[in-house]
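Just below is one structure, and these are the notes that go with it.
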Amino acid sequence: MIGLSAGWAVRGKAPGSYDDYGILGSGGSDFGADDFTAILDRYTLGNPPPERGGPEALPWISLTEVLDDRGSYLGVAIHDWTDATDAAGRPIVRTRYGCFPYDQFVQAPVSYASLVRAVSGLGADGFAPNALDVPAYAPEDIVRDIEDHNWLGRAATTAALLLEGPVTIVGADDLDHLVRLRFLDAVAALLPFGWRPRFTAATWLRGGNSTIRLTFAYHPRPGDFELDWRVTEPQPPSDAPLSLAYARELRRTIAHRSLLEVVAYLSRRCDSMVNVDPNRIYDLLVDLDRPALVLDRVRRNEVDASEVAALLESGRYKELPRKSDHELLLAALIRLGGGLQSVQAVWHELGVGVPSEPWRAVTGEVLRRVRNAEDATPYLHLAEALGHTDELLAEVAGSSRDPRLGLAPVQAAANLIARWTDPFTANRPSTLRALRGHSTLICALIGDLDAGDVRREDAWLDLLAGFAPDDLLHPFRVLRVSDMTVSPQEIGAFAKHGADCVALLVGSAARRGRLDRLAAVLIRWVTGLPASERAGWLGRLHDVQPTQGADAAVLDVLRMSAGQPPVHLEAADRHAYTATFRQLVTDESLRRFSSNIQHALVEHMRDLTWAHDPDQVAMLLALTEALCAVDGQNRSAIVEAVVRGRAANPDMSDWPVYGRWWPDAAARYPGIAADEYRTVLCAVPYDAPVHTVGRLIAEATARGMAPMTLLRHLDASFWPITGPALLAAALEARMIAMHRYRDPQGQADEAMRLLIKTAHDASENLGRELRDAVDARLLSELTFPLNLTEATSLTPSQDEIEISDRTRGTLEAAESKIRSLQGRRTILGRRKN
């Protein structure tokens with residue numbers, strides 16, 4: 001039994017009097033008579049009918065709450081008839097009211113039925129002795145009522161609806177007040193006990209008092225949820241999402257556990273929730289069956305890492321009966337990237353072994369990170385703490401055999417194995433067994449070793465000698481010893497292990513700055529591959545980053561010997577690049593690839609952007625000299641490619657490096673020199689600016705090229721010849737001829753006049769465009785010199801013009817020319833007599 005404290009009040013009126021209803025007695029708390037009057041008025045249930053039978057008959061019971069600055073109170077009021085009447089002969093209603101401080105229920109919950117029994121013993125002088133000794137809350141009694149009366153559907157929906165608004169139960173006219181009270185207890189039992197400071201209910205309401213949240217009545221109040229008692233399994237409406245979720249979760253949890261377990265759990269959540277968000281009530285319910293719920297969400301792949309972590313770290317996962325479920329949760333935490341300290345702790349708690357679902361999650365996460373070039377170190381630390389590093393590295397080694405993944409995952413796997421394995425103790429037997437026959441991974445492992453740690457490198461080579469054939473290891477040994485070489489036959493034998501192995505060997509040599517030792521034999525090997533294999537292998541070289549100019553040259557020559565353009569011409573050390581390039585292309589054993597290399601360079605220079613960069617021009621001229629010094633059917637094509645660069649940048653011929661190269665090239669290739677301007681003009685790019693084309697026109701004209709020939713070559717280029725563009729280029733050429741080549745103005749004028757005349761006569765459309773272009777410029781071209789003449793002929797007083805005889809003669813000549821163009825008309829347009 002639990003002893004309670006309570007305030008009390010009895011309201012009624014003296015028999016035979018004309019008095020209004022009032023407080024006849026009160027006590028037990030800080031509330032006075034006026035307070036109790038206000039409380040009872042606030043929760044009035046309406047005027048009872050005089051009939052002593054029927055659905056509305058007294059007694060009525062109300063369950064209320066009071067909140068003041070001292071805390072919360074649960075109130076119970078019993079309204080029933082007395083045997084007395086007032087002076088008018090009307091029967092008197094007595095209200096007995098108990099007011100219980102809520103704090104006493106936090107550690108010792110009780111049912112509403114127990115509180116009603118206590119209040120039923122309240123007299124005019126207060127509670128009877130022992131009336132406030134009530135039994136402790138008994139979830140099994142509530143469950144028995146729900147099951148015996150088949151109330152679960154109604155009670156669950158009612159409880160859920162109360163989270164969103166008031167509820168009126170209709171259609172329950174045949175229930176007596178005690179059955180209704182027990183149903184109210186059942187509804188309250190399906191909410192956390194701490195909800196009771198905001199739970200108000202009545203066994204009957206006659207009127208529209210909105211402070212009563214749950215009641216039985218004939219008709220629902222406006223705005224209430226209506227629950228028809230005649231429906232056994234009512235459902236919350238679709239526009240009440242919290243209610244729907246709570247009702248659904250109640251049914252799911254009860255089905256998974258039991259109704260008794262749910263009611264007992266909710267009865268223990270006693271802390272007052274008077275100001276708690278109703279959504280939190282849903283969370284509290286979910287928390288009961290959280291292990292099963294999270295497990296279900298794991299299976300549906302809808303879970304968040306924090307949910308799983310909370311379950312595992314709190315130990316609540318142990319509420320699930322099967323160890324396989326525990327391991328499934330741990331595996332989910334790993335896959336979701338959860339905290340590895342928690343993983344390690346739970347792993348030891350569960351005694352997880354290898355293989356297992358968590359182990360597959362660890363290996364899967366490591367393999368994913370290896371494939372995506374992400375850091376897998378934290379998982380290696382976890383494996384080390386669990387004593388499974390060898391097994392994990394063996395999984396990594398085995399998974400990297402898939403050729404569809406490319407080289408990057410293999411190199412990442414090799415990096416992990418090298419960092420987490422001691423070659424001196426061979427402490428990873430499973431990993432070493434997984435390496436057997438995996439040539440690409442072995443090459444990645446050796447190629448990535450730190451060249452500065454000679455002892456460790458020796459230990460690895462000695463260790464791998466027991467797992468790898470000598471023809472796979474030999475080329476790597478060559479890179480370490482200064483007087484060792486590798487033959488074409490040895491490279492051929494090595495290459496049988498796969499093109500990826502050759503790419504890894506090249507990358508290792510480039511990192512060590514020793515690629516030149518393999519250059520000649522690699523070039524012969526690459527060019528011997530079928531064309532279908534060659535392109536794919538050369539593509540692997542994109543990942544090789546040379547650290548020195550010499551290695552950059554080797555990689556480019558490898559590509560060029562197979563007909564692909566160079567990609568490392570911007571190497572920082574151009575001297576080393578060109579020296580190595582020259583050495584390779586003049587190597588007698590590689591002479592047969594000269595034409596391929598020459599062709600690749602020509603193809604590279606088709607994009608004329610290099611002509612604007614002095615460093616690139618210097619580099620390409622050096623490579624051109626090297627390639628022109630050896631046989632090859634494309635030597636003259638390289639020289640032409642250089643000359644074409646002037647179409648994009650005529651200033652290139654002014655640079656000293658070009659000035660030193662061209663005289664010798666012109667002497668060795670007189671045909672190219674003779675056709676220099678044909679080559680240049682035919683290569684003018686689409687977006688060449690007017691001043692570039694103007695300079696080329698001036699140069700070609702100065703060399704004696706006829707206008708029609710010049711126009712024909714220019715028309716063969718990508719540059720679009722339009723009237724405005726050609727006129728602008730011709731005017732640029734006129735100025736260049738006068739200022740660069742010192743041509744007399746008349747000579748320059750005549751040359752460009754002849755060019756425009758030739759273009760005008762050659763094409764009707766172009767002629768029309770030229771006429772329009774000249775017309776557009778004519779006014780400005782004439783006005784400016786006339787304005788200058790005026791400016792220099794004004795007298796000091798600025799009121800008249802004094803022109804010299806020479807100026808007058810010039811103007812008269814101009815006037816004569818204009819009259820001639822106008823058909824012998826005067827300047828004002830009048831025909832002469």
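All figures in this text were calculated on a predicted structure; none of them were measured in a lab.
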Taking [X] first and then [Y], would you say they form a salt bridge - that is, a charged N and a carboxylate O separated by under 4.0 Å?
| X | Y | value |
| --- | --- | --- |
| Asp148 | Arg144 | no |
| Arg322 | Asp325 | yes |
| Arg335 | Glu357 | yes |
| Glu56 | Arg206 | yes |
| Asp304 | Arg297 | no |
| Asp80 | Arg52 | no |
| Arg180 | Asp176 | no |

Exercise. By side-chain contact (heavy atoms from CB on, under 4.5 Å), which residues pair with Asn130, not counting sequence neighbours?
Worked result: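 Partners of Asn130 by the side-chain contact (heavy atoms from CB on, under 4.5 Å) criterion, ordered by chain and then number, come out as Asp133.
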Return a table of donor-acceptor pairs under 3.5 angstrom between the side chains of residues 229-241 and protein atoms on other chains or two or more places apart.
residue: Arg230; atom: NE; partner: Asp228; partner atom: OD1; Å: 2.8
residue: Arg230; atom: NH2; partner: Asp228; partner atom: OD1; Å: 3.4
residue: Arg230; atom: NH2; partner: Asp228; partner atom: OD2; Å: 3.1

Output the distance between atom [atom1] ([X]) and atom [atom2] ([Y]), rounded to the nearest 0.5 Å.
| X | Y | atom1 | atom2 | answer |
| --- | --- | --- | --- | --- |
| Ser356 | Glu327 | OG | CD | 5.0 Å |
| Leu181 | Leu175 | CG | CG | 12.0 Å |
| Tyr218 | Leu205 | OH | CG | 13.0 Å |
| Leu333 | Glu307 | CG | CD | 11.5 Å |
| Arg182 | Asp141 | CZ | CG | 9.5 Å |
| Leu58 | Glu51 | CG | CD | 10.5 Å |

Say whether, by atom type as modelled, one donor and one acceptor occur between the side chain of [X] and the main chain of [Y] under 3.5 angstrom.
| X | Y | value |
| --- | --- | --- |
| Asp19 | Ala14 | no |
| Ser114 | Val134 | no |
| His326 | Leu320 | yes |
| Thr82 | Ile92 | yes |
| Ser72 | Tyr102 | no |
| Asp289 | Val286 | no |
| Asp68 | Gly71 | yes |
| His256 | Arg252 | no |

State, to 0.1 Å, how close [X] and [Y] come at their nearest heavy-atom pair, and which atoms those are.
| X | Y | value |
| --- | --- | --- |
| Arg11 | Thr37 | NH1-O, 4.2 Å |
| Pro192 | Leu284 | CG-CD1, 4.2 Å |
| Ile2 | Pro109 | CD1-O, 4.1 Å |
| Pro101 | Ala6 | CD-CA, 4.4 Å |
| Tyr246 | Leu190 | OH-O, 2.7 Å |
| Ala245 | Tyr282 | O-CE1, 3.5 Å |

Testing the 3.5 Å rule here: is there a donor-acceptor pair between the side chains of [X] and [Y]?
| X | Y | result |
| --- | --- | --- |
| Thr168 | Asp224 | yes |
| Glu384 | Thr389 | yes |
| Glu65 | Thr200 | no |

Donor-acceptor pairs are to be reported for all side-chain atoms of residues 310-319 against protein atoms at under 3.5 Å, with residues two or more places apart or in another chain.
residue: Glu313; atom: OE2; partner: Ser342; partner atom: OG; Å: 2.5
residue: Ser314; atom: OG; partner: Ala310; partner atom: O; Å: 2.8
residue: Ser314; atom: OG; partner: Leu311; partner atom: O; Å: 3.2
residue: Ser314; atom: OG; partner: Arg316; partner atom: N; Å: 3.3
residue: Arg316; atom: NE; partner: Glu319; partner atom: OE2; Å: 2.8
residue: Arg316; atom: NH1; partner: Asp287; partner atom: O; Å: 2.6
residue: Arg316; atom: NH1; partner: Asp287; partner atom: OD1; Å: 3.2
residue: Arg316; atom: NH1; partner: Asp287; partner atom: OD2; Å: 3.4
residue: Arg316; atom: NH2; partner: Asp287; partner atom: O; Å: 2.7
residue: Arg316; atom: NH2; partner: Leu288; partner atom: O; Å: 3.0
residue: Arg316; atom: NH2; partner: Glu319; partner atom: OE1; Å: 3.3
residue: Tyr317; atom: OH; partner: Glu349; partner atom: OE1; Å: 2.4
residue: Glu319; atom: OE1; partner: Arg257; partner atom: NH2; Å: 3.0

Exercise. Among all residues two or more places apart in sequence or in another chain, which pass the ring-ring contact (aromatic ring centres under 6.0 Å, His included) test with Tyr112?
Worked result: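 Scan of Tyr112 (ring-ring contact (aromatic ring centres under 6.0 Å, His included), adjacent residues dropped) gives Phe199.
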For this session: Give a yes or no on whether the ring-centroid distance for Trp60 and His177 is below 6.0 angstrom.
Result: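 Not under 6.0 Å, so no.
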Quick check: do [X] and [Y] have side-chain heavy atoms less than 4.5 Å from each other?
| X | Y | answer |
| --- | --- | --- |
| Phe100 | Val119 | yes |
| Asp103 | Phe105 | no |
| Tyr379 | Ile334 | yes |
| Val263 | Tyr137 | yes |
| Pro378 | Glu365 | no |
| Phe127 | Trp8 | yes |
| Thr95 | Ile78 | no |
| Leu266 | Leu191 | no |

For this session: Name all pairs fulfilling the side-chain hydrogen bond (donor to acceptor under 3.5 Å, both in side chains) condition that reach into residues 150-161, sequence neighbours left out, sorted by first residue then second.
Result: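 Output for this query lists Thr157-Arg251.
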Exercise. Run the side-chain contact (heavy atoms from CB on, under 4.5 Å) check on Trp204 and Leu45 step by step: do they pass?
Worked result: CA-CA 7 Å; Trp204 195 263; Leu45 302 182; over 6 Å; no
For this session: For side-chain contact (heavy atoms from CB on, under 4.5 Å), just list the numbers for Arg290 and Val294, CA-CA rounded to whole Å, side-chain angles, deciding distance to a tenth of an Å, and then say yes or no.
Result: CA-CA 6 Å; Arg290 194 168 297 280; Val294 172; 3.7 Å; yes
Problem set entry | Row check, Phe31 ring normal vs Arg70 NZ/CZ: under 6.0 Å, within 45° |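 Because its charged atom sits under 6.0 Å from the ring centre and within 45° of the axis, Arg70 does stack over Phe31.
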For this session: Could I get the full list of salt bridge (Lys or Arg N to Asp or Glu O under 4.0 Å) partners for Arg269, not counting sequence neighbours?
Result: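 Salt bridge (Lys or Arg N to Asp or Glu O under 4.0 Å) check on Arg269 returns nothing, list empty.
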For this session: Mind running side-chain contact (heavy atoms from CB on, under 4.5 Å) on Asp86 and Lys13 for me, showing each step along the way?
Result: CA-CA 8 Å; Asp86 61 10; Lys13 56 183 174 180; 2.9 Å; yes
Exercise. Just wondering, more than 12 heavy atoms not from Asp125 lying within 6.0 Å of its CG?
Worked result: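 No, the 6.0 Å shell around CG holds no more than 12 heavy atoms from other groups.
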For this session: Apply the test side-chain contact (heavy atoms from CB on, under 4.5 Å) to residues Leu328 and Arg299: give CA-CA distance (whole Å), side-chain angles for both, the deciding distance (0.1 Å), then the verdict.
Result: CA-CA 9 Å; Leu328 182 61; Arg299 290 187 172 124; 4.0 Å; yes
